[in-house]
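Below is one structure, written out as structure tokens, with a few remarks after it.
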Amino acid sequence: MFRQIKLSVSLALLISAIALVVRSQSAAQQTADFADPQIKAALREISAGQIQTNIEKLVSFQTRSTISTQDQASIAAGHGIGAAREWIKSEFERYSRECTGCLEVKTDTFTQPISERVTLPVEITNVYAVLKGTNPEDAKRIVLVTGHYDSRNGDILDKTGIAPGANDDGSGSAVSLECARVLSKLKFPATIIFLAVTGEEQGLDGSKHFAEFAKSQGWNIEAVLNNDIVGGDKSPGQDSKVVRVFSESIPDGASEAQLRTIRALGGENDSPSRELARYIAQTARTYQVPVAPLLEFRRDRYLRGGDHISFNEAGFAAVRFTEFRENFHRQHQNVRMENGIEYGDLPKFVDFDYVANVARVNAATLAALAAGPGPPRNVRLRTKDLENDSTLVWDAPADDRTTGFEVLWRATAAPDWEHSQSVGKVSKATLPVSKDNVIFAVQAVDEAGHRSLPIVPSPER
């Protein structure tokens, strides 16, 4: 990678190090050098007005409690979870008609048995639309966006009371729908799934079933973007320029051997989900989205959880998007006025422009990953010899679109990638940077400049 110079070893290393500093860029700057014009145009198509229409429609079903009615009469009357399900399905089908059948609209239906929050067995249906990838090898790679379309009020077992769920989680469902409406007009090498799950409020029931189904089918899901409470509640203390992105540290399914390796290498901050979160932040910078991802280095909010956890438990990289400041007067509450405080999750408290910007972050990430090559495979960091240079080796992704690779690195205490170096279409690179002081990763790049998720190496002795 570096030109060999007949000088003393120490001087040669010094010159190589200077050359590396000159040639390398910050990871954020290098990513910002390329923004796909097609993706930029798609982001402009995302509509706050359409999002408002979708959220208000979801609220119009009065309650979307998972255990609410779903018989044909209620569906016809536009009331309950069944009516919401049929409407979401019809919207996906409408988008598919508009793109001449580009979406496969499907349902994942099962019976949830009695549990603490389910008093009688209940039929649960997840609704999803598949935008199949155009490249046979890449189409096996899947990126997924989801939100839960069920709602609740102050009583989790209330089947009939008003439960608007405008923010929790009409906003997340609207993000999934809007991403489907806009991105279905485009073609991508890899596959995108637009998902709306139910049963979240009863205990992540719908997402757990879907994630386990995906795992049983051997789906290669590279990224799951879960949007839950992204309405930008309009109350004091809210920051409409920020969206929190939560990601797990140690993978939920890590074996004891993997845990020992993580502890030995200081890899607690480099799970696949955390690398996905960093990719989201970089992508938002690249496409100059007005809402900035705020990386939260914990799996979810304090002692709380959401549907991305179901995917984490199934072994997939998954993150959660949530507004900066939640208003608990408008979450899991009956609609009422009490002591001068207005309670209830109503559309008038939702910032639709904010939801649209969160949708843009999601759409940009989905499109960038689906347009890009697969990540490098079998990435290793050689440790046989004690030396201050660092040598990384890897295998190319299975697709045939990769034209080069980049090595990323950051200080061990840094939260995000600080440097990147293009190394060409090779399978090995040596950098005059000590592995003791940094964390490395490698990502693939295609001819147009799209980048894969970065992969942190395993030690090779």
Legend entry - With Tyr128, the ring-ring contact (aromatic ring centres under 6.0 Å, His included) member among Tyr149, Phe210, Phe194: Phe210
Inset, instruction - Taking all non-hydrogen atoms of both residues into account, name the closest pair between Val361 and Pro293 and its distance. - result: CG1-CG, 4.1 Å
Legend entry - Atom NZ of Lys40 with >12 non-hydrogen neighbours under 6.0 angstrom: no
Legend entry - Check ion pair Arg181-Glu178 (N to O, under 4.0 angstrom): yes
Inset, instruction - Return yes if a side-chain donor-acceptor contact under 3.5 Å exists between Ser458 and Arg380, otherwise no. - result: no
Legend entry - CD (Glu256) with more than 12 external heavy atoms under 6.0 Å: yes
Inset, instruction - Flag the pair Cys102 / Leu131 as yes when at least one side-chain heavy-atom distance between them is below 4.5 Å, and no otherwise. - result: yes
Inset, instruction - Would you give the length of the straight line joining atom OG of Ser390 to atom CZ of Arg382, rounded to the nearest 0.5 angstrom? - result: 12.5 Å
Inset, instruction - Flag the pair Leu225 / Leu366 as yes when at least one side-chain heavy-atom distance between them is below 4.5 Å, and no otherwise. - result: yes
Legend entry - N/O donor-acceptor pair under 3.5 Å between Lys106 side chain and Val127 backbone: no
Legend entry - Under 3.5 Å side-chain donor-acceptor pair for His209 and Asn126: no
Legend entry - Reported CZ-to-NE2 distance for the pair Arg64 and His148, which is rounded to 0.5 angstrom: 8.5 Å
Legend entry - Reference residue Thr191; test side-chain contact (heavy atoms from CB on, under 4.5 Å); the match among Val143, Val130, Asp138, Leu144: Val130
Inset, instruction - Could you grab the distance from atom CD of Glu200 to atom CZ of Arg152, nearest 0.5 Å is fine? - result: 10.0 Å
Legend entry - Asn327 side chain to Gln331 side chain, donor-acceptor N/O pair below 3.5 angstrom: no
Legend entry - Euclidean distance, Ile55 CD1 relative to Phe352 CZ, rounded to 0.5 Å: 5.5 Å
Inset, instruction - Examine the side chains of Thr125 and Thr109 and answer whether a donor and an acceptor come within less than 3.5 Å of each other. - result: yes
Inset, instruction - May I have the step-by-step check of side chain to side chain contact (heavy atoms under 4.5 Å, CB included) for Arg44 and Arg360, ending in yes or no? - result: CA-CA 8 Å; Arg44 290 194 291 270; Arg360 291 184 178 98; over 6 Å; no
Legend entry - No-hydrogen, no-angle side-chain donor-acceptor test under 3.5 Å, Arg299 and Asn312: no
Inset, instruction - Grab the two heavy atoms, one from Ala211 and one from Phe316, that are nearest each other, plus how far apart they are. - result: O-CE1, 3.8 Å
Legend entry - Side chains of Asn227 and Asn362, donor plus acceptor under 3.5 Å: yes
Legend entry - Salt-bridge present (Lys89, Glu86; N to O < 4.0 Å): no
Inset, instruction - Would you sort out whether Phe297 and Asn269 count as a side chain to side chain contact (heavy atoms under 4.5 Å, CB included), showing the intermediate values? - result: CA-CA 8 Å; Phe297 288 165; Asn269 201 21; 3.6 Å; yes
Legend entry - Heavy-atom pair with the smallest gap, counting every atom of Leu453 and Glu275: CD2-O, 4.4 Å
Inset, instruction - First locate atom OG1 of Thr322, then atom CG of Asp300, and finally report the distance between them rounded to the nearest 0.5 Å. - result: 6.5 Å
Inset, instruction - Decide, yes or no, whether a salt bridge links Arg325 with Glu323 under the criterion of side-chain N to carboxylate O below 4.0 Å. - result: no
Inset, instruction - Inspect the contact between Asp446 and Arg401 and indicate whether a charged nitrogen and a carboxylate oxygen are less than 4.0 angstrom apart. - result: yes
Legend entry - Any side-chain heavy-atom pair of Val407 and Phe440 under 4.5 Å: yes
Legend entry - Residue pair Val175 / Ala359: nearest heavy atoms and the distance that separates them: CG1-CA, 4.0 Å
Inset, instruction - Decide yes or no on salt bridge (Lys or Arg N to Asp or Glu O under 4.0 Å) for Glu93 and Arg97, but give the supporting numbers first. - result: CA-CA 6 Å; Glu93 290 169 341; Arg97 288 192 299 272; 5.0 Å; no
Legend entry - Tyr354 to Asp239 - nearest heavy-atom pair and separation: CE1-O, 4.1 Å
Inset, instruction - Report yes or no: do His308 and Asp228 form a side-chain donor-acceptor pair below 3.5 Å? - result: no
Legend entry - Within the 6.0 Å centroid threshold, strictly below: Phe213 and Trp219: yes
Legend entry - Carboxylate-amine/guanidinium proximity below 4.0 Å for Arg451 and Glu406: yes
Inset, instruction - May I ask you to test the Lys428-Thr391 pair for a side-chain heavy-atom distance under 4.5 Å? - result: yes
Inset, instruction - For side chain to side chain contact (heavy atoms under 4.5 Å, CB included), just list the numbers for Arg377 and Ile455, CA-CA rounded to whole Å, side-chain angles, deciding distance to a tenth of an Å, and then say yes or no. - result: CA-CA 8 Å; Arg377 299 176 295 172; Ile455 303 298; over 6 Å; no
Legend entry - Heavy-atom neighbours of Lys208 NZ exceed 12 at 6.0 Å: no
Legend entry - Sub-4.5 Å side-chain heavy-atom contact between Leu369 and Leu276: yes
Inset, instruction - Would you tell me whether Asn167 and Glu326 have side-chain atoms, one donor and one acceptor, within less than 3.5 Å of each other? - result: no
Legend entry - Asp416 atom CG, neighbour heavy-atom count above 12 within 6.0 Å: yes
Inset, instruction - Over all heavy atoms of both residues, which pair between Pro397 and Thr402 is shortest? Give the atoms and the distance, please. - result: CG-OG1, 3.1 Å
Inset, instruction - Dump the intermediate steps for side chain to side chain contact (heavy atoms under 4.5 Å, CB included) on Glu296 and Ser247, then the final yes or no. - result: CA-CA 7 Å; Glu296 296 282 5; Ser247 59; over 6 Å; no
Inset, instruction - Enter the distance from Ile250:CD1 to Ser271:OG here, rounded to the nearest 0.5 Å. - result: 9.0 Å
Legend entry - Asp252 backbone acceptor or donor facing Glu248 side chain under 3.5 Å: yes
Legend entry - Atom CD of Glu123: over 12 foreign heavy atoms under 6.0 Å: yes
Inset, instruction - Report yes if some heavy atom in the side chain of Asp205 is under 4.5 Å from a heavy atom in the side chain of Thr66; otherwise report no. - result: no
